[in-house]
Amino acid sequence: MIKRLNKLYKNNDASIEELEYILDHLDEESTQHLLKLSLQTKEEHYQDTVFMRGLIEISNYCKQNCTYCGIRRDNTEADRYRLDKEGILACCQLGYDLGYRTFVLQGGEDNYYSDDVMTDIVKTINTQFPECAITLSLGERSYESYKALYEAGADRYLLRHETASPDLYAKLHPGMSFENRRKCHQYLKEIGFQVGAGCMVGLPEQTNHDLALDLKYLKELEPQMVGIGPFIAHKKTPLGNNPGGTVDQTLVMLALTRLLLPSVLLPSTTALGTLDNQGREKALKAGGNVVMPNLSPIEHREKYELYEDKICTGDEAAHCRKCIEGRINSAGFTVDMSRGDHVHWKRGK
Ligand code: SAH
């Protein structure tokens, strides 16, 4: 196993069979070796730095019905909210004053944010905070819509592929199309966005073969950003009684992703911090180099409940900013508050 991992570290690629073999045969010693190689790779590209992004959860209205997600359309118990332009700008101002230079606007697929509304919001953020990067995470939209958002000034788009297994995808996403989600990645790339993909780990019925498919999809797509987190059940969803993913499984997937895409921007996710108080620190030590503390208004935080027991829902943005910085430092890393674009990306290239 050590030899196989060294080979992966050197080649930054492997077949689906090889990745599946590795996932099947990792033991305590080889896992430690994998985490070491992954951290080393991250350090070769980003030294000891960790980028901070300010996350603004703009809406929990959603027209989709993903069976794992707490803000799915059919969850009638979700207390719905959305932020208008002024509300979003207020979060950006708060974040700016705390030193953030990237704003991530994430939400359910909410028709309120038409192309006109959304491009106006993006343009205004761009005018008021010209040196800041704008990341969007608003689900599937048309080519024309993505293009208009890019031209309005959005720089990055996060759209996890969720799972690269067509069967599993179909079971989890009633009414949605596996092909369309992938097509969206192609659109986003073609337009010039820094693209984010990624998946959940520990989904019901997910096998190591499925996870190997996820890794290979990431390698082939070559996104600039990859979000990977454990699936955590939400009781008001059809998957409410499932066990969910583990921290260890997620760390392995993060580390393998780092080896496949050495210069990727790889967040240490809130979902990991939810499973384990030290989860986010562990992810940084496994090759993660981004954190996304919350800037959403406190009165709405609890309502953006994708999964249960989400952490930090009661904490002021300033508190999150300091708390995360402390965690980053205690894990042995330093905070980088710059825009933090991917090393190989420039607008218009
Ligand atoms: N509507 C946007 C944003 C989705 S929320 C989009 O489609 O991209 C962001 C991510 O949260 C999702 O991509 C999904 O991977 C994750 N997520 C949703 N429900 C979850 C759960 N129960 N456990 C863990 N992660 C979850």
Side-chain angles (χ1 to χ4, degrees), residues 53 55-75 78 80 82 104-113 118 135-141 145-146 149 154 156-164 168-169 172-178 180-185 187-188 193 195-204 206 214 217-218 223 225-247 249-250 253-254 267-276 279 283 292 294 296 303-311:
R53 324 291 200 195
L55 175 66
I56 308 171
E57 296 154 337
I58 67 171
S59 170
N60 70 353
Y61 283 89
C62 193
K63 64 182 176 209
Q64 303 294 4
N65 220 7
C66 311
T67 55
Y68 45 81
C69 185
I71 64 168
R72 67 199 301 270
R73 183 181 70 224
D74 285 355
N75 180 7
R80 307 284 171 173
R82 71 167 61 94
V104 182
L105 276 52
Q106 187 180 82
E109 292 194 16
D110 179 352
N111 286 337
Y112 168 84
Y113 302 98
M118 209 54 222
T135 304
L136 300 177
S137 177
L138 304 171
E140 296 177 27
R141 300 175 77 103
S145 174
Y146 288 144
L149 293 168
R156 310 182 189 137
Y157 204 101
L158 304 175
L159 184 78
R160 290 187 179 178
H161 64 277
E162 311 297 0
T163 171
L168 192 52
Y169 188 93
L172 298 171
H173 302 97
M176 291 174 76
S177 141
F178 180 75
N180 192 59
R181 203 150 183 100
R182 293 183 163 215
K183 215 190 281 166
C184 287
H185 283 146
Y187 292 161
L188 292 164
F193 278 102
V195 179
C199 59
M200 281 174 284
V201 178
L203 288 163
Q206 190 179 40
D214 285 321
Y217 178 64
L218 292 171
M225 307 169 284
V226 171
I228 295 178
F231 158 64
I232 303 174
H234 185 297
K235 58 179 174 309
K236 301 293 179 207
T237 65
L239 301 184
N241 292 323
N242 283 275
T246 67
V247 173
Q249 239 179 341
T250 307
M253 285 294 284
L254 288 172
S268 155
T269 54
T270 310
L272 267 178
T274 296
L275 288 187
D276 176 347
M292 296 165 64
N294 211 313
S296 311
K303 303 177 200 162
Y304 198 80
E305 192 187 43
L306 307 177
Y307 49 82
E308 265 161 63
D309 300 325
K310 192 173 150 210
I311 51 169

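For clarity, every value in this text was computed on a predicted model and none was experimentally measured. Ligands are counted one by one from 1 in listed order, and the atoms in each one are counted from 1 as well.
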field: Ring centres under 6.0 angstrom apart (Y146, Y157)
entry: yes

field: Audit row: K310, E57, salt bridge (charged side-chain N to carboxylate O under 4.0 Å, His left out) steps and yes/no
entry: CA-CA 13 Å; K310 192 173 150 210; E57 296 154 337; 2.8 Å; yes

- prompt: Is it the side chain (CB and beyond), the backbone, both or neither of P230 that lies under 4.0 Å from ligand 1, heavy atoms counted?
  reply: backbone

message: Considering both backbone and side-chain atoms of G107, is one of its nitrogen or oxygen atoms within less than 3.5 Å of a nitrogen or oxygen in ligand 1?
response: yes

- request: If you have a sec, work out which protein heavy atom is nearest atom 21 (C) of ligand 1 and how many Å separate them, to one decimal?
  value: I232 O, 3.5 Å

field: Nearest atoms (heavy-atom pairs only) where S137 meets L158
entry: OG-O, 3.3 Å

- request: Answer yes when D110 and R82 have at least one side-chain N-carboxylate O distance shorter than 4.0 Å, and no when they do not.
  value: yes

- request: Please state which part of R181 comes within less than 4.0 Å of ligand 1, counting heavy atoms only: side chain, backbone, both or neither.
  value: side chain

query: Where on E162 is there a heavy atom closer than 4.0 Å to ligand 1, on the side chain, on the backbone, on both, or on neither?
result: side chain

Any H234 heavy atom less than 4.0 Å to ligand 1: no

task: Answer yes or no for K63: is there a heavy-atom contact with ligand 1 below 4.0 Å?
output: no

- request: Using non-hydrogen atoms of the residue, decide whether C199 is closer than 4.0 angstrom to ligand 1.
  value: no

